[in-house]
Number of protein chains: 4
Amino acid sequence: MPQSDTKKPRRTPRQQRSQETVEVILQATAQVLAEHGYAKSSTNRIAKRAGVSVGSLYQYFPNKDALFQALIERHVSAQNDAFSALFSISLGSPPPVLITQAVRALVASHQVQPELHLLLISQLGGLEQAAELLTLDTRAIQALEAYFRVQSKSLRPMENPRLVAEVIVFAVEAVVHRSLMERPDKLDDPAVERELIRLVEGYLLPGTAPAVQGVEPPETP
Amino acid sequence: MPQSDTKKPRRTPRQQRSQETVEVILQATAQVLAEHGYAKSSTNRIAKRAGVSVGSLYQYFPNKDALFQALIERHVSAQNDAFSALFSISLGSPPPVLITQAVRALVASHQVQPELHLLLISQLGGLEQAAELLTLDTRAIQALEAYFRVQSKSLRPMENPRLVAEVIVFAVEAVVHRSLMERPDKLDDPAVERELIRLVEGYLLPGTAPAVQGVEPPETP
Amino acid sequence: MPQSDTKKPRRTPRQQRSQETVEVILQATAQVLAEHGYAKSSTNRIAKRAGVSVGSLYQYFPNKDALFQALIERHVSAQNDAFSALFSISLGSPPPVLITQAVRALVASHQVQPELHLLLISQLGGLEQAAELLTLDTRAIQALEAYFRVQSKSLRPMENPRLVAEVIVFAVEAVVHRSLMERPDKLDDPAVERELIRLVEGYLLPGTAPAVQGVEPPETP
Amino acid sequence: MPQSDTKKPRRTPRQQRSQETVEVILQATAQVLAEHGYAKSSTNRIAKRAGVSVGSLYQYFPNKDALFQALIERHVSAQNDAFSALFSISLGSPPPVLITQAVRALVASHQVQPELHLLLISQLGGLEQAAELLTLDTRAIQALEAYFRVQSKSLRPMENPRLVAEVIVFAVEAVVHRSLMERPDKLDDPAVERELIRLVEGYLLPGTAPAVQGVEPPETP
DNA sequence: AATGAATGAGCATTCATTCAT
DNA sequence: GATGAATGAATGCTCATTCAT
C-alpha cells in the first residue's frame, strides 16, 4: 500500500474542466463516506461514483487521505465564512449584544451543511487532519477572551477569562452539535438559540447568582 | 470480509486462564487503537501485541468489531458506576446541592480512564455501537428533567424542562471533554468544575439573568 | 470468508488483453483443480499458476466459485454444441437411424475434453452449479420422449415413454462416462459404441424379447 | 496444517464405550457433511455436533479424511451385504432368472441408505478413497462375466463378455442412481426395475435385436 | 481417556497505487 | 490528460491439529 506523504491536492486546477472534476470527485467522496464509512471508502469506489477513472482521481489527489483532507478544508472554510458574516463584533458592544451575536454566529456556522459536519466529525474524528475541524472554536475563544478583557467592568468578575471563553464556546458548540445529532432540523426551532443565550447571559452578566459554596459530595461507599 | 453477525463475546470464560487471555486481548486492542487508529487496527496486529495467536483472539471474539464493542461496554459500565456513586440525588435536594452534585458526578465519570474515553470517541465515533457511549448523557438528562419538574418553584421558569436538561448535560459534558482533549490533567484544576457550577447556577437559579431581548443580527452582505 | 453473491463473470472483457487473461485464468483453474482437488484449489494458487496477480483474477471473477462456474458453463456449452452437431434428428427418422444417431451424439459429446468432464463431475459434484452438467441429459431425454410419442407404432409398446427415455440416456451416458474413467481412450474403440447401439435397439425395437415374468428373489436369511 | 499419513482409524475400539463414541462421531460426520458440504465440514464442527471434544475425535481418527474414509467403508460394506443377500446366484441359473436377480440385487443395494450414498458420491467424489464406492460394480461385473462365459450358449453371441458385463452394470447402476437423484423414492415404483429388466433382457437374450448396421452420421458442417 | 484452549499457516478477498496505452 | 488493467501486500477469519491439564 504505497502512500505518498503529502496530503495536499496535487495541483491547483486552473482550468474550468479540472475544477469541475475536482468538484465531482469531492461530492462523490462525501457520498461514499456517508454510505460506507471511512474504512470502506475505497478510491476505486469513489472514482466510479464520480464517474471518472481512478487515474484521474490520482491526478488531482496524491492519495486517499488527501480527499478527506480537502473535504475538511472546504467545510471548515465555509463554516468560517458563515461565522465571520455574523460575528463582525466590535470590542465596544454592550455584553447583551455581544452574547446574542456570538451565539447566533456559532449556531449559524453549524447550519452550513450540517449533515456533512456530523459526517466529518463522526467518520474522520480519528484522522490527524480532523484537528482543523476545531479551527472555528479557537477563533471564537480568542475573540471572546479579548472582549472579556476589554469589557471586564460590564461583566461579572472572572479569575480566568480564557477559561470562561472556552466554557462558553465549548458549551454552545456542543449543544448545537448534539441537537443536530438528535434531529438535523432541531435548530430550526428558535428555542435552542434562546436557551443558549440565556445560558451565556446567566454565566457572564453580573447578577444575583449566589456565590459558589462548598457542597460536600456523598460518601463513596 | 467474512463477518458473523453477533458483536457479543463468543464465550464467557469461566476459567482463570481464559479470563486473563480476554483481559490481555482487550488491553492490546486499546493500545493498538491508540497507536494506529481504527482503520489500521488489524486483528493480527492486536493478537501479536497481546502475545496470543489470532486463533485465540477469535476464540473469544467473533469478529473485529466485537473487540471494540467490548471495549466500549466495559468503559461505559465503569463510567456509569462512577456517575452513580456520586449522583445519588434525592428529588428534594435544594437546587444548589443538586447542581453541585450533578456537575461533580459528570466530571468524575469522565475521569475514569479519560484517555480511553477520548480514544473511543475519536476513533470509534463512526461505529454503530458507539451510540452506547452516550448512555450516560441520556441517564443524566432524564434525572435532571424529573428534578426540574418536581422543583419548579425553586428554579427559574422553564418553557421546556427537557430542553433545559439537555442544554446542561451537553454543555457540561462538552467542557469536560474538550478540557481533557487539551490536557488530560486539566480537570485536576478545580477551576473547571467551579466554572461549570457557576454556568449551571446562572442558568437555573431564579432572579439572576435579565430577560432575553431581541438583538438584531447584522445585515448579511 | 467474505463472498459476494453473483457467480457470474464480473465483466465481459472486450479488449484482446482481457480475453487472454480470462482464458489463462480458466486454464490454470482447470489445472489446479486437477492437481489439487476443489478443497485445495486456492485463488492464490490459481493466480500464481496463471501467472497473474490475485487482484487480476478478482477483476474478472467475483469469487472463487465463479471460476468453477465459468469452467462448467464453457464445458457444457461445448458439449451441447457437439451434441447438436450430430443429433439433428427428424421426428420421422426410422428407429434404427434415430438410435444410431442418438448414441453417436451422446458418445461424441463426451469426447469433448473428456478429462475436463470427469474432473468437473468428480470434483465439483457437490456444488450447486454442477447441476448444469446435467443439461445435456435433459435435452436428450426430452428429444427422445417426443420421438417415442410420434413413432410409437414402430417401437415396442411403452407404458411410460418418459421413463424409457430416461433409462436410455442415463444408461448410455453412464457407460460412456465409466469407460472414460477406466481409460480416457476407451471410446476410441468402436466396440463400446456398437454395444450401446445394441443395448438400445434391444430395448426399443419390437422383437422377440420375452415378456418379463415374475422371478422370486431368494429368501433373505 | 499438519496432516498424518494414515487414513485408517487409529484404534479398533474393543470397549463398549469407545464403540459408541465412534458411532456417534460418524453419525455427526454424515450430518455435517450433508448440511455443510465437504469443504465446510470442520473437525471442530463435527466434534461439537457429536457432543465430544475435538481431542476425543482425534483419539479415534488420525485426521479429517479418516472420518470420511470410515464413512465410505461402512457404507460400501453395507451395500455389499445387501447385494450378496440377493445375488446368491448359481452359474447354472437360466438367463431370465439371472437377469432378474442381478437387477434386483443392484437396485436393492442402492436402497441401503440412499441419501448417504448420494451424499458420499456428490461430496466425496473427488477424494481418492472414493474409489471404494465402485467396489460393488467390480464385483458385479466379474460375476456377470463369469456367468456369460459359462452360459454362452443360452445368450446372444458376444465378442467381448467383459465389455457386455460392464455395459450392463454401468447402465443399471446409473439408472438406479439417477432415479434416486430425481426423487429418493422413485425406486419404490416397480416400473423402474421392470424397465431395467427389459433393458438387460433385450440386450442379452438371443434372437431379439436385429444386427447393427452402418448408419452414416450427418455431415458435420 | 477426555477435554478444550491454543496455535499459526493458509485462505478468500480488498484496495491504494502505478503505468502502459 | 485520461483510462482502467494490473499489482501484491495486507486484512479478517477458519480450521486441522496438538498438548497441558
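Chain naming here is simple, since letters A, B, ... match the order of the sequence lines and numbering starts at 1 in each.
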Complement of E:dC11, any strand, by Watson-Crick or G-U distances under 3.5 angstrom: F:dG12
Under 3.5 Å donor-acceptor, A:Lys64 side chain and A:Ser41 backbone: yes
Side chain of A:Asn44 (C-beta onward), nearest among E:dA16, F:dA5, E:dA1: E:dA16
Interatomic distance where NE2 belongs to C:His36 and P belongs to E:dA12 [whole Å]: 13 Å
Heavy-atom pair with the smallest gap, counting every atom of A:Leu71 and A:Leu26: CD1-O, 3.7 Å
Side chain D:Ser77, main chain D:Glu73, donor-acceptor under 3.5 Å: no
C:Tyr60 side-chain N/O to F:dA6 phosphate OP1/OP2 under 4.0 Å: yes
Minimum-distance nucleotide to C:Ser53 side chain [options: E:dA6, E:dT14, F:dT7]: F:dT7
D:Gln19 CD to E:dA1 P, straight-line distance once rounded to whole Å: 13 Å
Side chain B:Arg49, main chain B:Val32, donor-acceptor under 3.5 Å: no
Nucleotide of E:dC11, F:dT3, E:dA5 approaching C:Ser42 most closely (side-chain heavy atoms): E:dC11
Atom-to-atom span, NZ of A:Lys40 to P of F:dG12 - whole angstrom: 10 Å
Sugar-phosphate only, base, or nothing, as touched by D:Thr21 at under 4.0 Å among non-hydrogen atoms: nothing
Complementary nucleotide of F:dA20, counting Watson-Crick and G-U pairs under 3.5 Å: E:dT3
Check: D:Tyr38 ring centre within less than 6.0 Å of C:Tyr38 ring centre: no
Distance in angstrom units between B:Leu67 CG and F:dT11 P, rounded: 15 Å
Flag if over 12 foreign heavy atoms under 6.0 Å of CD, B:Glu128: no
Most 5' of A:Gly55 and A:Ser41 on DNA chain E, judged by nearest nucleotide: A:Ser41
Distance in angstrom units between C:Lys64 NZ and F:dC13 C1', rounded: 15 Å
Interatomic distance, D:Glu20 CD vs E:dA2 P [rounded to whole Å]: 12 Å
Listed nucleotide nearest any side-chain atom of B:Thr43, set F:dG12, E:dT13, E:dT3: F:dG12
Contact nearer the 5' end of DNA chain F, comparing A:Ser56 with C:Gly51: A:Ser56
Closest to the D:Val52 side chain, choosing from E:dT3, F:dT7, E:dC15: E:dT3
Proximity to the side chain of B:Arg45 - top-ranked nucleotide from E:dA16, F:dT7, F:dT11: F:dT11
Per B:Val54 side chain, nearest of listed nucleotides E:dT18, E:dA9, F:dG12: E:dA9
side-chain N/O A:Gln59 vs F:dG1 OP1/OP2, d < 4.0 Å: no
Atom-to-atom span, CD1 of A:Ile25 to P of F:dT3 - whole angstrom: 10 Å
Rounded distance (Å) that lies between atom C1' of F:dT14 and atom CZ of B:Phe61: 18 Å
